[in-house]
Amino acid sequence: MKARLLACVVCTLAITASHAGHGLMNSFADVEWLPDPGVTPDQIAYLFDRIDERAELQFATSPDAEITLCLEFAREKLAETSAMIKALESEAASFAMRLYGDYVERVSAIVEGAPTSQAAERRLRFINALLEHVYIMSVDYLDMPLESRTRLSPLFATAMRHYEEQSARLPKGKKDAFFFKEEEIRWSLEMTQQADKQGITNW
């Protein structure tokens, strides 16, 4: 019993150091946090949001403009996912996560199809956004209910899969520049797993 209590205390302190202080290495000190979720998938008006998003993408003037929109919409889907998990709206949360995956896939396709002269810059922008997505959601993790926050596992997996695929195409020097962010992401994800094992939540 004492050993379990000590483990809980250690885990709590580690999570607090990682999340409340935004990471011991502070690689994400300048991260832009998620917007207000606005209209969410559990509302009828969400259909009109989806129509607006499609229209904006259809009239994007360049691949870079399309990437900007996709990453903006992806962040909105993260905010919606968080709100729906906290509201215990599991189907709506899953729907928002699927849309997040769609936008990430779309950016990946644009990056893959880019001319050599533009691919590296777009790839760097993309993978940095992916790491920020994972970091933000891992920080938010403790503020979610225990019984539903594990739904985020596929979202983390999707973002990290694309990160690994795209970062592997970078020259070694540019890949090494993400070392500290990678380490902080690894730490943050480990803390979410420990929080689940110990049943720790702020919700």
Side-chain angles (χ1 to χ4, degrees), residues 19 28 31-58 60 63-113 122-145 147-167 178 181-182 184-186 188-189 191-193 196 203:
H19 290 83
F28 294 92
V31 70
E32 181 182 356
W33 299 98
L34 296 179
D36 184 89
V39 181
T40 49
D42 60 329
Q43 300 173 335
I44 296 176
Y46 195 72
L47 172 64
F48 300 105
D49 265 17
R50 297 283 295 123
I51 292 172
D52 287 343
E53 288 171 7
R54 292 192 190 102
E56 288 190 59
L57 285 169
Q58 183 176 352
D64 286 317
E66 190 173 348
I67 289 175
T68 296
L69 286 172
C70 284
L71 293 179
E72 176 187 333
F73 295 153
R75 283 170 48 81
E76 290 177 6
K77 302 313 155 195
L78 293 180
E80 293 165 11
T81 297
S82 175
M84 292 297 90
I85 288 177
K86 291 170 183 175
L88 303 180
E89 294 284 352
S90 58
E91 290 187 11
S94 295
F95 185 67
M97 280 191 284
R98 285 198 298 274
L99 294 179
Y100 170 81
D102 290 344
Y103 284 124
V104 167
E105 290 284 355
R106 187 161 180 160
V107 175
S108 181
I110 295 171
V111 170
E112 288 299 309
R122 291 175 182 172
R123 181 166 286 119
L124 285 169
R125 181 183 178 191
F126 182 34
I127 66 176
N128 188 66
L130 291 169
L131 290 183
E132 289 185 352
H133 296 169
V134 174
Y135 178 75
I136 289 169
M137 296 304 281
S138 68
V139 169
D140 197 27
Y141 199 77
L142 281 183
D143 293 327
M144 297 179 182
E147 62 271 24
S148 57
R149 68 189 187 188
T150 53
R151 287 180 172 274
L152 282 175
S153 295
L155 187 149
F156 287 142
T158 294
M160 292 310 296
R161 173 174 60 82
H162 282 284
Y163 175 78
E164 294 296 339
E165 290 174 356
Q166 296 297 334
S167 64
F178 286 89
K181 285 190 174 182
E182 287 180 357
E184 193 158 357
I185 289 297
R186 180 185 61 78
S188 291
L189 291 177
M191 289 304 99
T192 63
Q193 294 169 6
D196 284 342
W203 187 78

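Values below: every heavy atom of this structure, side chains too, minus hydrogens, waters and symmetry copies.
Judged by distance alone, the side chain of Ser138 and the main-chain N or O of Tyr135 form a donor-acceptor pair under 3.5 Å. In this structure, Glu56 contributes its side chain and Glu53 its backbone to no donor-acceptor pair below 3.5 Å. Proximity of a side-chain donor or acceptor of Ser108 to a complementary backbone N or O of Val104 within less than 3.5 Å is not detected.
With 3.5 Å as the limit, one finds a donor-acceptor pair spanning the side chains of Glu182 and Tyr163. Counting only N and O atoms by type, the side chains of Thr68 and Arg125 include a donor and acceptor under 3.5 Å apart.
How far NZ of Lys77 is from OG1 of Thr40: 10.0 Å, rounded to the nearest 0.5 Å. How far CG of Leu34 is from CG of Asp140: 7.0 Å, rounded to the nearest 0.5 Å. From Leu78, atom CG reaches atom CH2 of Trp33 across 12.0 Å, with rounding to the nearest 0.5 Å. Separating the CD atom in Glu76 from the CG atom in Asp49 is a distance of 7.5 Å, to the nearest 0.5 Å. Rounding to the nearest 0.5 Å places CZ of Arg123 at 5.5 Å from CD of Glu112. From Glu66, atom CD reaches atom CG of Leu71 across 10.5 Å, with rounding to the nearest 0.5 Å.
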**Candidate pair Ile136 and Phe28, rule side chain to side chain contact (heavy atoms under 4.5 Å, CB included), full reasoning** = CA-CA 9 Å; Ile136 289 169; Phe28 294 92; over 6 Å; no
**Request:** Dump the intermediate steps for salt bridge (charged side-chain N to carboxylate O under 4.0 Å, His left out) on Glu105 and Arg161, then the final yes or no.
**Result:** CA-CA 11 Å; Glu105 290 284 355; Arg161 173 174 60 82; 3.2 Å; yes
**Request:** With side chain to side chain contact (heavy atoms under 4.5 Å, CB included) as the test, would you mind laying out the steps for Trp203 and Arg149 before giving the verdict?
**Result:** CA-CA 11 Å; Trp203 187 78; Arg149 68 189 187 188; over 6 Å; no
**Message:** Checking Met144 against Arg151 for the side chain to side chain contact (heavy atoms under 4.5 Å, CB included) test, could you report, in this order, the C-alpha distance in whole Å, the side-chain angles of both residues, the deciding distance, and whether it holds?
**Reply:** CA-CA 11 Å; Met144 297 179 182; Arg151 287 180 172 274; over 6 Å; no
**Prompt:** Checking salt bridge (charged side-chain N to carboxylate O under 4.0 Å, His left out) for the pair Lys181/Glu184: CA distance, chi angles, key distance, verdict?
**Reply:** CA-CA 5 Å; Lys181 285 190 174 182; Glu184 193 158 357; over 6 Å; no
**Item:** Working for side chain to side chain contact (heavy atoms under 4.5 Å, CB included), residues Tyr100 and Leu155
**Value:** CA-CA 8 Å; Tyr100 170 81; Leu155 187 149; 4.0 Å; yes
**Item:** Stepwise salt bridge (charged side-chain N to carboxylate O under 4.0 Å, His left out) test for Glu132 and Arg75
**Value:** CA-CA 10 Å; Glu132 289 185 352; Arg75 283 170 48 81; 5.3 Å; no
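The aromatic rings of Phe73 and Tyr103 sit tilted, their planes meeting at an angle between 30° and 60°.
Here the shortest heavy-atom pairing between Ile85 and Pro145 reads O-CG, 3.5 Å. What you find for Val134 and Phe156 is that their closest heavy atoms are O-CE2, 3.7 Å. Scanning all heavy atoms of the two residues, the minimum distance from Ala159 to Leu130 falls at O-CD1, 3.8 Å. Nearest approach of Thr81 to Ala96, heavy atoms of both residues: OG1-CB, 3.4 Å. The shortest heavy-atom contact between Pro41 and Ala92 is CG-O, 3.7 Å.
Side-chain contact between Glu147 and Leu88 is present, with heavy atoms from C-beta onward closer than 4.5 Å. Under the 4.5 Å side-chain criterion, counting only non-hydrogen atoms from C-beta, Phe126 is not in contact with Ile110. Residues Glu91 and Phe95 form no side-chain contact, since every pair of their non-hydrogen atoms from C-beta on lies 4.5 Å or further apart. Looking at Leu57 and Arg54, their side chains never come closer than 4.5 Å, going by heavy atoms from C-beta outward. Side-chain contact check for Val107 versus Val111: some heavy-atom pair is nearer than 4.5 Å.
Crowding of Ile51 atom CD1: a count of heavy atoms from other residues, nucleotides or ligands under 6.0 Å exceeding 12.
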